[in-house]
Number of protein chains: 2
Amino acid sequence: MPQPNAAPSPFRSREERERDREEKREAVLRAAVRMFNARGFHATSLDDVAASLGISKPTIYHYLGNKEQVLIECVTRGLELLSAAADTARAQPGNGLARLRSVLRRYSLVMMDDFGRCVVRTGDEFLSAEGAALFRARKRAIDLSIRALIEDGIADGSIAPLDVRMTAFALAGALNWPGRWHEPDGPLSAEQIADSMVDILISGLAPRT
Amino acid sequence: MPQPNAAPSPFRSREERERDREEKREAVLRAAVRMFNARGFHATSLDDVAASLGISKPTIYHYLGNKEQVLIECVTRGLELLSAAADTARAQPGNGLARLRSVLRRYSLVMMDDFGRCVVRTGDEFLSAEGAALFRARKRAIDLSIRALIEDGIADGSIAPLDVRMTAFALAGALNWPGRWHEPDGPLSAEQIADSMVDILISGLAPRT
DNA sequence: TAATCAATATACCCGTGAGTATAGAGGAGA
DNA sequence: TCTCCTCTATACTCACGGGTATATTGATTA
């Protein structure tokens, strides 16, 4: 076990090396997703990504295999954040509407994160057949948990008896959109946007008497 | 002037030739936009587009110049449909909410048309700097007319006093989304989807007592 | 009839970028 | 110490696809 004030040794243990490796992988992914979001997947070359990290292309291949893998990892990160957002609120207290509101808020925030944005900006066209199938399946699962929440709300009377499928699409569309236009350095914070959007969707445009 | 029952002559007049030309241009655009929507812009080669029409690549260049021009024409078509949707309802009777509803309905329908879909699916990244600037300007104009309508509605009391900008974004996002997932041959008609979406957005999720 | 123009094709050029072959440096383990 | 494994770079191959040079055909005009 390491001494309290031991000078950091240049000799790395097995775990340290593995942690290093993971860290580098992560750095590549972060750099890649930023560039994909900014310039688009096809317009970003792995040479560009490598250059932005001061490394060379084979290094990326060493850590991630090929370009599609890089994208799939990025998208998967995003999908996991989204799934997590959908699932944590499942266990929360409150009626259907309250739980849905909490999910929507989180979902919306993820969409303004690098990896979340990547999910909206990545069309099936960019992936191979298998990749696209997996992608669709995971998105469908998220859609289904939102629908389940809507159904709960309708059942307990906290949500109006709407067409569940269309409602889920409308919500997803509205909340995905910031992934397209929101810029992190802009004047509006992600939280403000999320709250505002969710309120509008829940209360609707028509005035409540 | 042509005889009533004249056999169609193989000799074409000046206007007929120009009409032919226009028709061919149009056919190229239609074929291109379909393929762009299905496979993505970068993944579609002009050779593919040409082959799908039984012609060769230089013919496309003859009519349209270069690949970006093809995309710009497609996007412009879509933007014009959208602008038209926003503007026709301006002159209509009714309060702000009624006019907004009519605009949203039309807007939503355009998004399920080939050229409309192209607008949502085309990110700024695909265009050159000038192209992107023009594109953004036209989208902004559409956004502004929707905001104006919302403001009218708030002023006359038919719409709740919401944050106008956020409301416009939420509406646009929700109505753009079908451009991503709706398939024309699916079971739901564009009209059904449009009506359903607009209703949900206007009345909101929370039950009206 | 000669000259011209529009429309179209074939065959090419060439830049870009994904992916790889190969080699070297340095630590880890035998 | 010798060997092996991990990490990284240099320098390459190769396909794809945007764009073009050039030829041909047939109709229009002088």
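Atoms considered below: every heavy atom in the structure, side chains included; atoms not considered: hydrogens, waters and symmetry mates. Per chain, numbering begins at 1; letters A, B, ... match sequence-line order.
At least one donor-acceptor pair under 3.5 Å links the side chain of Gln192(A) to the backbone N or O of Ser189(A).
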I'd like a list of close polar pairs between nucleotides 5-7 of chain C and the protein, N/O only, cut-off under 3.5 Å.
| from | atom 1 | to | atom 2 | distance (Å) |
| --- | --- | --- | --- | --- |
| dA7(C) | OP2 | Arg21(B) | NH1 | 2.6 |
| dA7(C) | OP2 | His62(B) | NE2 | 3.0 |

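In this view, Glu191(A) satisfies the salt bridge (Lys or Arg N to Asp or Glu O under 4.0 Å) rule with no residue, not counting sequence neighbours. Every residue two or more places apart in sequence or in another chain that forms a side-chain contact (heavy atoms from CB on, under 4.5 Å) with Asn176(A) is listed here: Tyr107(A), Met111(A), Val120(A), Ala172(A), Trp177(B). Annotation: ring-ring contact (aromatic ring centres under 6.0 Å, His included) contacts of Phe135(B) (sequence neighbours excluded): none. Partners of Arg39(B) according to the salt bridge (Lys or Arg N to Asp or Glu O under 4.0 Å) rule, which considers only residues two or more places apart in sequence or in another chain, are Asp48(B). The salt bridge (Lys or Arg N to Asp or Glu O under 4.0 Å) search around Lys67(B) returns none, not counting sequence neighbours. Checked against side-chain contact (heavy atoms from CB on, under 4.5 Å), Leu81(A) has the following partners two or more places apart in sequence or in another chain: Val110(A), Asp113(A), Phe115(A).
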### Query
Along nucleotides 15-26 of chain D, 5' to 3', which nucleotides get a B, which get an S, and which get a -, given that the test is a protein heavy-atom distance under 4.0 Å?
--SBBB------
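Judged as a salt bridge (Lys or Arg N to Asp or Glu O under 4.0 Å), the pairs with a partner in residues 50-66 of chain A (not counting sequence neighbours) are, in order, Asp47(A)-Lys57(A).
Across the protein-nucleic acid pair, Leu53(B) atom CG and dA9(C) atom P stand 11 Å apart, rounded to whole Å.
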